Amino acid sequence: MPLETVDLDSLTEPQRLAATHLDGPMLVLAGPGSGKTRVITSRVAYLVREAGIAPWQVCAITFTNKAAAEMRRRVECFLTERQARAANLSTFHALCAKLLRQHGQRVGLTPNFSIYAMDEQQALAKQAIEQVKLPATSFQPSALLGRISSAKNELVDCHAFAAQASGFVEKNAAKVYVAYEKLLRANQAVDFDDLLVFAVRLLSEHQDIRGQVQDRWAYLLIDEYQDTNIAQFRLAELIAGPRGNLVVVGDPDQSIYRWRGADIRNILDFESHFPNARVVRLEQNFRSTQHILTAADRLIGHNTGRKPKKLFSDLGDGQQVRIVRYLDGSAEAQQVARWLMDLHVTHGVPYAQMAVFYRVNALSRELETAFRNAAIPYQIARGTAFFERKEIRDALAYLRMLVNPDDSLALERIVNLPPRGIGAQSLKAVEAWRIQHGLSLFQAMKQAEHITGLKARAIASLKAFTDQVDRWRHDLDAPPDDSLIGGQSEYRLRAFVERLIRQSGLEKFYKGKEQEPDEERALNLGELVSFTQQFEQELLRTMDEPPTLRARLEALMERVALVSDADGLESESGMVSLMTMHTAKGLEFDAVAVIAAEDGLLPHQRASQELEELEEERRLLFVAMTRARKWLQVSHTQLRMVFGNMQSAIPSRFLREIKGAGVREKRDDTPAEFQGGRGDVESVTGSAFAPGVEVNHPMFGRGRIIQASGGRLTVRFETFGIKTLMRDIAPLSRV
DNA sequence: TGATGGACTCTTTTT
DNA sequence: GAGTCCATCA
């Protein structure tokens with residue numbers, strides 16, 4: 001494939017300045033839709049192809065895997081595959097993980113350390129609270145984890161935290177922090193925040209490695225700089241080093257992660273921190289029409305202490321922004337679905353170019369129902385959801401404890417799953433032995449016959465279990481078996497995972513149950529196998545030599561630990577995307593609907609006390625609005641279901657701030673035509689729907705069934721043409 | 001030892 | 001409304 005040329009002439013003056021800047025620090029203030037991604041990719045291409053810089057000297061850091069993948073895809077148009085591979089384009093967390101796999105020993109980590117995500121953190125925090133013997137009722141794991149996380153983001157370790165803790169709550173939090181850290185280390189594990197903390201420690205304490213890194217990544221670029229926290233700032237500083245070839249790109253008006261430790265001062269104070277920094281402003285918007293931009297600008301204008309910025313577009317006024325009031329959430333969901341369908345039908349807007357944003361995940365449910373009933377294809381951005389499922393986490397725990405023998409948390413999770421007669425009592429005895437002899441849990445299990453208080457049956461079970469684990473571990477390091485035919489040896493990891501699911505008894509455990517949800521669990525395990533194969537395929541494609549089975553598994557574990565929600569979105573899917581406003585950052589769509597703009601939800605109850613919080617909520621809506629290219633509507637309702645009961649809702653104060661020229665207000669008080677999902681149509685399912693029968697659909701109107709098979713109905717509608725609907729779900733009635 | 005059912009608490013946003 | 005935790009029973 002011929003490489004594209006780096007076309008600097010098609011860039012605006014400020015864009016070109018940013019793309020061709022070479023030495024020293026630079027701050028690129030990039031408003032929404034200002035061609036930021038284009039600048040970044042042009043820059044990488046320019047550095048390598050025009051300025052003669054080796055691709056491996058380029059390091060560009062983003063926040064999400066999706067953004068990193070997108071960058072890689074675009075860069076691959078300009079560079080050879082080899083060059084693109086050599087450049088470091090990754091997320092902060094992936095970069096840190098890579099550094100620590102290589103040099104982690106220098107800061108006390110084994111190369112095969114586990115990465116604990118929320119669930120494991122929660123479990124560990126609970127153990128820590130138990131150890132510290134706190135009154136369990138007054139200390140919630142999640143609240144304590146929040147404190148610990150903030151501390152880590154500010155590079156405050158548990159000892160420093162304990163030293164400065166004052167008051168009952170703080171002192172106890174400190175105790176938990178200390179215990180939690182100890183548990184992490186005992187499991188040879190790090191949490192998300194630790195990835196940054198340890199990387200910073202590695203680079204600040206070890207001059208030789210810092211030197212290597214600084215020499216290597218001589219050209220550093222950081223995207224979404226407004227969302228960096230102290231640890232990330234420090235890391236950037238350490239990598240950039242005295243040379244200071246640091247280009248940061250961001251927009252203070254899109255800073256929405258304060259609650260996660262992001263410090264907006266990083267971008268606001270960049271110029272005073274790097275006095276020789278050049279500043280470039282990208283203010284022309286290439287995405288949205290003027291009405292959308294004006295409305296968004298009016299909103300954000302209510303924030304104080306901003307860097308002044310004027311957004312302009314030459315795409316024309318476009319459609320007016322709609323502010324719509326609906327009766328309740330289910331009417332809202334239905335009318336939003338109808339609005340999008342209408343855009344699809346009358347303006348030919350592809351569904352893939354549409355999105356619905358909401359403040360909290362819980363709001364997706366009614367939308368799902370509405371989209372399903374209207375037979376509109378949709379996807380929800382919850383990339384992590386799959387990996388949070390019990391059965392998937394079970395399988396992953398097996399894999400994790402194989403890779404990391406010290407990961408007792410994973411081991412505890414699966415030792416008796418499926419039940420093999422190693423119950424809580426037996427585990428207690430093993431645990432006591434483990435502590436007494438200073439062993440890891442697995443080592444202790446292997447000495448089962450010496451452990452007092454274990455019944456013969458438990459000893460036998462433990463022996464069988466540890467033998468099996470040893471066999472699996474042995475397999476991990478066995479040479480590939482070339483006698484296997486049909487590509488078996490190519491997808492070694494896939495084969496291994498498949499076998500493990502079977503041999504562990506997980507498959508039978510979940511399949512054996514006749515209940516419906518467990519049927520689904522077995523299917524999900526199958527999906528994990530497919531995911532593994534996909535991952536392995538990709539891995540083999542990007543490596544010069546096929547990695548060992550163990551290396552493949554380690555790579556898989558890392559990938560799984562670092563998935564994020566936006567990763568699940570497919571852009572070529574033909575589906576409407578539903579997601580939180582946070583996940584929406586960095587994306588764009590032709591048509592956008594923002595729902596539930598109501599007091600308490602937007603701004604959120606828990607973020608409307610302090611001015612700082614309130615302004616962040618305003619920025620959140622600003623981000624959401626500026627995702628839209630041509631159509632934008634923001635809606636609210638009179639009634640909102642909260643906690644299962646209806647409450648009357650107050651329109652968001654932000655709506656008042658948006659109103660003005662180019663914005664049209666509308667009321668739509670029609671009640672939802674169809675309540676709920678499956679339940680209500682049961683009376684008219686089955687043979688009532690046969691070919692030839694005339695039906696009515698709340699959204700598609702009248703039509704005639706032309707085919708019925710496998711629970712699916714193909715219907716020719718008078719106005720909407722031929723559609724295939726699920727018989728038991730679609731809200732059809734006979735005419 | 002394991003499964004089942006009921007009571008109980010939460011819900012912001014995520015790498 | 002829904003997931004989690006705990007207590008009770010087979």
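On a predicted model such as this, the values are computed, not experimentally measured, just so you know. Reminder, nothing fancy here: chain letters follow the sequence lines and each chain counts from 1. For the numbers below, each heavy atom of this structure counts, side chains included, while hydrogens, waters and symmetry mates do not.
Taking every side-chain heavy atom of Arg260(A) into account, dT15(B) is the closest of dT15(B), dT1(B), dT13(B). For Thr583(A), the side-chain atoms get nearest to dT14(B) when compared with the rest of dT13(B), dT14(B), dT15(B). For Thr91(A), counting side-chain heavy atoms from C-beta on, the closest listed nucleotide (dT1(B), dT12(B), dT15(B)) is dT15(B). The side chain of Pro419(A) lies closest to dG2(B) when the candidates are dT13(B), dT1(B), dG2(B). When distances are taken from the side chain of Ala607(A) to each of dT15(B), dT12(B), dA2(C), the shortest belongs to dT12(B). Looking at the side chain of Lys126(A), the nearest of the listed nucleotides dT15(B), dC5(C), dT13(B) is dC5(C). Distance from the side chain of Asn361(A) is smallest for dT13(B) among the nucleotides dA2(C), dT12(B), dT13(B).
When the P atom of dT13(B) is taken as reference, atom CD of Gln605(A) falls 14 Å away, rounded to whole Å. Remark: P of dA2(C) and CD of Glu366(A) are 12 Å apart, rounded to the nearest angstrom. Ile230(A) has its CD1 atom 17 Å from the C1' atom of dT15(B), to the nearest Å. Atom-to-atom, CZ of Arg258(A) to P of dT12(B) comes out at 16 Å; the value is rounded to the nearest Å.
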- salt bridge (charged side-chain N to carboxylate O under 4.0 Å, His left out) between Arg365(A) and Glu368(A), intermediate numbers included: CA-CA 5 Å; Arg365(A) 186 155 298 122; Glu368(A) 278 197 83; 5.8 Å; no
Problem - Stepwise side-chain hydrogen bond (donor to acceptor under 3.5 Å, both in side chains) check, Ser142(A) with Gln122(A) - result: CA-CA 7 Å; Ser142(A) 56; Gln122(A) 201 94 11; 4.7 Å; no
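Here Trp259(A) lies parallel enough and close enough to stack on the base of dT13(B), with planes under 30° and ring centres under 5.5 Å apart.
Taking only distance into account, the side chain of Arg359(A) meets the base of dT13(B) through a donor-acceptor pair shorter than 3.5 Å. At a cut-off of 3.5 angstrom, the base of dT15(B) holds at least one donor-acceptor pair with the side chain of His93(A).
Nucleotides of DNA chain B nearest to Glu616(A) and Ala458(A) differ in position, and the one nearer the 5' end is that of Ala458(A). Map Tyr257(A) and Ile422(A) each onto its nearest nucleotide of DNA chain B; the residue landing nearer the 5' end is Ile422(A).
Under the 3.5 Å distance criterion, with hydrogens and angles disregarded, a donor-acceptor pair is assigned to the side chains of Tyr180(A) and Asp191(A). Of the N and O atoms on the side chains of Asp193(A) and Ser149(A), at least one donor lies less than 3.5 Å from an acceptor on the other residue.
The phosphate of dT1(B) has OP1 or OP2 within less than 4.0 Å of a side-chain N or O from Ser426(A). For Thr64(A), no side-chain nitrogen or oxygen approaches OP1 or OP2 of dT14(B) to under 4.0 Å.
Taking the P atoms as reference points, dT13(B) lies 15 Å from dT4(C), given to the whole Å.
Shown are Asp251(A), Asp253(A), Asp227(A); of these, the salt bridge (Lys or Arg N to Asp or Glu O under 4.0 Å) with Lys585(A) is made only by Asp227(A).
Residue Asn65(A) is classed as having no contact, given no heavy-atom separation below 4.0 Å to the nucleic acid.
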